[in-house]
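Structure first, then comments.
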Amino acid sequence: MNAIATEPPLQAVRLGKSFGEKVVLHDASLLLEPGQVLGLLGKNGSGKSTLIKCLLGLLRTTAGEARVFGEDAWDLSAGAKARLGYVPQQVTAYPWMRVRQMIAYTAAFYTGWNHALADDLCRRWDLPLEDRTGVLSVGQLQTLGLVLALGHEPDLLVLDEPVASLDPSARREFLRTLIDIAVESDESGPQRSVLFSTHITSDLERIANRVAVLQNGRVAFDSELDTLKESVKRLRLTSHNGAIPDGFAVPGALSTHVAGSLATVTVADYQPETANELASRWDADVAVDDLNLEEIFLEMHDGLSH
Ligand SMILES: Nc1ncnc2c1ncn2[C@@H]1O[C@H](COP(=O)(O)OP(=O)(O)OP(=O)(O)O)[C@@H](O)[C@H]1O
């Protein structure tokens with residue numbers, strides 16, 4: 001086994017990035033392990049694209065480290081670049097080239113280009129092969145960017161809001177393909193890893209096995225998706241003694257709402273005994289609700305901002 005195969009596909013260590021006086025990232029750490037599909041969440045302007053570009057060596061970091069397959073991202077070898085597929089937020093292509101020519105042009109850079117796969121993706125995503133790329137819609141251009149990033153079957157796929165411009169059916173089709181790619185990496189040799197940023201939490205929920213939240217220039221949260229869903233819960237307390245007392249508080253709660261004899265508390269560290277403890281402490285019935293990822297993200301964002 002060569003050294004490169006054992007290295008994490010992506011790693012940020014206390015990464016910082018400023019544009020002049022403006023600090024966008026400071027102390028951002030992230031580790032993508034082989035075979036993981038990591039969804040990166042964060043509000044507009046939180047620095048997702050900047051982190052991705054620093055991680056891939058497209059922007060120079062101001063502090064810390066960015067590594068791709070163990071190599072310094074700013075000085076990547078051709079071998080590491082060949083194992084990497086990237087779709088930027090805004091895909092660019094030579095406008096005078098036809099789609100077919102743009103694909104052939106890109107394919108020429110790779111010894112391992114899978115022509116059958118690229119043809120199949122074009123068919124599945126209805127790409128007009130004879131159109132010049134300059135006349136493609138934003139969604140078609142993004143789809144072309146995906147074909148260009150997938151054709152050489154990269155070990156690491158990095159997607160900056162890959163489906164933002166796609167219509168619902170193209171989005172579903174793309175996600176299905178991405179799931180295929182992730183499943184394939186579970187079954188056999190190549191451990192394909194994916195990092196993608198998105199605002200669409202339902203998409204993330206479908207395909208990611210890990211989620212990281214970028215906030216205030218740091219990775220404020222990073223967890224397996226299943227663990228996250230098991231630990232963030234909404235508890236509804238109904239007091240047996242009328243109004244919930246003024247001093248009602250649950251340590252570490254992300255949010256608390258009290259109305260008369262009802263209290264709703266969202267906690268980030270739910271344990272099976274949490275409900276029983278609250279029930280006896282506040283002499284209340286306690287119901288426990290699951291949250292979907294969007295609700296969790298909103299709760300965490302508010303909770304982490306405090
Ligand atoms: N080249 C640049 N020069 C100056 N500021 C920049 C530059 N690139 C990004 N920024 C700033 O860095 C911050 C983070 O931008 P970035 O595009 O990384 O955020 P994002 O999380 O990807 O946002 P969105 O979800 O809206 O795409 C923004 O305030 C942006 O204005």
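Atom set for the values below is all heavy atoms of this structure, side chains included, hydrogens, waters and symmetry mates excluded. Counting convention: from 1, in listed order, for ligands and their atoms alike. Bear in mind the structure is a predicted one, so any value in this text is a computation, not a measurement.
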Revision key, fill the gap. Here the atoms of ligand 1 under 4.0 Å from any heavy atom belonging to Gln89 are 27 (O)
Revision key, fill the gap. One finds that the ligand 1 atoms under 4.0 Å from a non-hydrogen atom of Val24 are 12 (O), 13 (C), 14 (C)
Exercise for review: Indicate whether any N or O donor in one side chain lies under 3.5 Å from an N or O acceptor in the other, for Gln36 and Ser193.
Suggested key: no
Exercise for review: Could you check atom 26 (O) of ligand 1 against the protein and tell me its nearest heavy-atom contact, residue, atom and distance included?
Suggested key: Asn44 ND2, 2.9 Å
Exercise for review: Classify the contact between Lys22 and ligand 1 as side chain, backbone, both or neither, using a heavy-atom distance cut-off of under 4.0 Å.
Suggested key: side chain
Review point. By number and element, which atoms of ligand 1 are closer than 4.0 Å to a non-hydrogen atom of Ser46?
Key: 19 (O), 21 (O)
Practice item. For atom 16 (P) of ligand 1, grab the closest protein heavy atom and report residue, atom and distance to one decimal in Å. Key: Thr50 OG1, 3.7 Å
Check your understanding: Using 30° and 60° as the class limits, which term best fits the ring planes of Tyr94 and Tyr105: parallel, tilted or perpendicular?
Key -> perpendicular
Revision key, fill the gap. Result for side chain to side chain contact (heavy atoms under 4.5 Å, CB included) between Gln11 and one of Leu31, Val68, Leu30 points to Leu31
Exercise for review: Below 4.0 angstrom from a heavy atom of Gly47, which ligand 1 atoms are there? Numbered from 1 as shown, please.
Suggested key: 14 (C), 16 (P), 18 (O), 19 (O), 20 (P), 21 (O)
Point to revise | Minimum-distance protein heavy atom relative to atom 17 (O) of ligand 1 | key: Ser49 CB, 3.7 Å
**Study point:** 4.5 Å side-chain heavy-atom contact, Ser46 and Gln215
**Key:** no
Exercise for review: Take every heavy atom of Lys43, measure it against each atom of ligand 1, and state whether any distance is under 4.0 Å.
Suggested key: yes
Practice item. Could you point out which residue of Leu228, Leu298, Ile296 forms a side chain to side chain contact (heavy atoms under 4.5 Å, CB included) with Leu291? Key: Ile296
Review point. Just which atoms of ligand 1 are under 4.0 Å from any heavy atom in His199?
Key: 25 (O)
**Study point:** Where ligand 1 meets Glu161 - atom numbers and elements under 4.0 angstrom, heavy-atom basis
**Key:** 24 (P), 25 (O), 27 (O)
**Study point:** Asp120 bridged to Arg123 by N-O distance under 4.0 Å
**Key:** yes
Study note, to complete from the structure: A student comparing Lys48, Lys17, Glu21 should find that the heavy atom closest to atom 20 (P) of ligand 1 comes from Lys48
Check your understanding: What protein heavy atom is closest to atom 9 (C) of ligand 1, reported as residue, atom name and distance in Å?
Key -> Phe19 CE1, 3.6 Å
**Study point:** Short N-O contact, Asp203 and Arg171, less than 4.0 angstrom
**Key:** yes
Check your understanding: Would you call Arg124 and Glu173 a salt bridge, using N to O less than 4.0 angstrom?
Key -> yes
Exercise for review: Check if Gly42 has a non-hydrogen atom at a distance under 4.0 Å from any atom of ligand 1.
Suggested key: no
**Study point:** Asp160 and Lys48 ion-paired at < 4.0 Å
**Key:** no
Review point. Any N or O of Gly45 that comes nearer than 3.5 Å to an N or O of ligand 1?
Key: yes
**Study point:** SB check Glu205 Lys229 (cutoff 4.0 Å)
**Key:** yes
